[in-house]
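Reading through the structure tokens given below for one structure.
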Amino acid sequence: VQLQASGGGLVQAGDSLRLSCTMSGRFSNDYALGWFRQAPGKEREFVAGVSRSGRNIKYADSVKGRFTTSRDIAKNTRFLLMNNLKSEDTAAYYCAADAGSRWDSVPRLAHEYDYWGQGTQVTVSS
């Protein structure tokens, strides 16, 4: 299983970005999929996640109402649409996949995930 994250960039506060995470090797609905971010000097933190069933989606409180995750099943790709970006959203963003979670569970801890994509940098200038 390989994950490829893309879509980061340099934007101004209030702008939007859409990150993509493409999975190769297996079908994405075999896994719970999560988005994490890590700012310099900080721990990796949960941003959003989707259960294996696809029915349960969770967001961190800091992004709730601004970020939305969706998917394109045909392309085996999951998206993270980030609206109204703030300077505190600046970080490297990672997508991850977990094969061992329960069907409707959304893992929130980084160590629960088995596969990780490379990070894509999001920088928000104020």
Side-chain angles (χ1 to χ4, degrees):
V1 175
Q2 290 185 325
L3 300 170
Q4 179 75 32
S6 61
L10 172 62
V11 297
Q12 294 185 332
D15 286 351
S16 299
L17 272 178
R18 190 180 75 164
L19 305 183
S20 300
C21 178
T22 300
M23 176 181 286
S24 60
R26 292 289 297 270
F27 292 109
S28 62
N29 57 8
D30 288 339
Y31 298 85
L33 293 174
W35 288 97
F36 288 76
R37 66 187 181 187
Q38 188 167 19
K42 295 188 177 181
E43 294 187 354
R44 192 167 295 189
E45 64 173 355
F46 174 82
V47 175
V50 184
S51 64
R52 291 172 60 207
S53 69
R55 292 193 298 259
N56 195 8
I57 300 176
K58 300 294 185 184
Y59 298 93
D61 289 342
S62 59
V63 307
K64 201 172 292 183
R66 300 188 297 122
F67 290 13
T68 304
T69 184
S70 62
R71 66 179 176 178
D72 183 331
I73 296 176
K75 295 182 179 179
N76 226 20
T77 298
R78 179 155 288 279
F79 304 102
L80 183 68
L81 176 61
M82 307 183 294
N83 292 323
N84 191 23
L85 282 162
K86 304 176 180 180
S87 58
E88 51 263 42
D89 296 318
T90 294
Y93 283 72
Y94 300 86
C95 59
D98 171 28
S101 62
R102 298 169 69 174
W103 188 239
D104 279 323
S105 294
V106 179
R108 289 177 175 261
L109 302 177
H111 70 78
E112 297 180 276
Y113 286 82
D114 304 300
Y115 304 98
W116 290 83
Q118 87 293 351
T120 184
Q121 180 66 35
V122 173
T123 303
V124 184
S125 63
S126 56

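For the single chain, residues carry numbers from 1 onward in sequence order. These numbers come from a predicted model, not from an experiment. Just so you know, these numbers use all the heavy atoms, side chains as well, and skip hydrogens, waters and symmetry mates.
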Considering all heavy atoms, the nearest Val1-Tyr31 contact: CG2-OH, 3.0 Å
Side chain to side chain contact (heavy atoms under 4.5 Å, CB included) against Val106, all qualifying residues, sequence neighbours excluded: Phe46, Ser51, Asn56, Lys58
Side-chain donor-acceptor pairs of residues 84-93 under 3.5 Å, sequence neighbours excluded:
from: Asp89; atom 1: OD1; to: Arg37; atom 2: NH1; distance (Å): 2.9
from: Asp89; atom 1: OD1; to: Arg66; atom 2: NH2; distance (Å): 3.0
from: Asp89; atom 1: OD2; to: Arg66; atom 2: NH1; distance (Å): 2.8
from: Asp89; atom 1: OD2; to: Arg66; atom 2: NH2; distance (Å): 3.4
from: Asp89; atom 1: OD2; to: Lys86; atom 2: N; distance (Å): 2.8
from: Thr90; atom 1: OG1; to: Ser87; atom 2: O; distance (Å): 3.0
from: Thr90; atom 1: OG1; to: Val124; atom 2: N; distance (Å): 2.9
from: Thr90; atom 1: OG1; to: Val124; atom 2: O; distance (Å): 3.4
from: Tyr93; atom 1: OH; to: Arg37; atom 2: NH1; distance (Å): 2.9
from: Tyr93; atom 1: OH; to: Asp89; atom 2: O; distance (Å): 2.6

Residues forming a side chain to side chain donor-acceptor pair (under 3.5 Å) with Ser105, sequence neighbours excluded: none
Which residues share a salt bridge (Lys or Arg N to Asp or Glu O under 4.0 Å) with Lys75, sequence neighbours left out: none
ILVMFWY network linking Phe36 to Leu3, side-chain heavy atoms under 4.5 angstrom: no
Disulfide (SG to SG under 2.5 Å) contacts touching residues 46-92 (sequence neighbours left out): none
Reported OH-to-SG distance for the pair Tyr113 and Cys95, which is rounded to 0.5 angstrom: 11.0 Å
Other cluster members, Leu109 - Ile/Leu/Val/Met/Phe/Trp/Tyr, side-chain contacts below 4.5 Å: none
Of all pairs that satisfy side-chain hydrogen bond (donor to acceptor under 3.5 Å, both in side chains), the ones with a partner from residues 116-126, not counting sequence neighbours: Gln121-Thr123
Pairs touching residues 100-109 that satisfy salt bridge (charged side-chain N to carboxylate O under 4.0 Å, His left out), sequence neighbours left out: Arg55-Asp104
Shared hydrophobic cluster, Leu81 / Val63 (ILVMFWY, side-chain heavy atoms < 4.5 Å): no
Which atom of Asp98 lies closest to which atom of Pro107, heavy atoms considered: OD2-CG, 3.1 Å
In one Ile/Leu/Val/Met/Phe/Trp/Tyr side-chain cluster, 4.5 Å: Leu33, Val122: no
Straight-line distance of Arg71 CZ to Thr77 OG1, nearest 0.5 Å: 11.5 Å
Tyr94 side chain near Val47 side chain, heavy-atom distance below 4.5 Å: no
Heavy-atom pair with the smallest gap, counting every atom of Trp35 and Thr69: NE1-OG1, 3.7 Å
Stepwise side-chain hydrogen bond (donor to acceptor under 3.5 Å, both in side chains) check, Ser101 with Arg52: CA-CA 8 Å; Ser101 62; Arg52 291 172 60 207; 5.1 Å; no
Other cluster members, Phe79 - Ile/Leu/Val/Met/Phe/Trp/Tyr, side-chain contacts below 4.5 Å: none
Would you list the atom pairs, donor with acceptor, under 3.5 Å between side chains in residues 5-21 and any protein atom, with sequence neighbours excluded?
from: Asp15; atom 1: OD2; to: Gln12; atom 2: N; distance (Å): 3.1
from: Ser16; atom 1: OG; to: Asn83; atom 2: OD1; distance (Å): 2.8

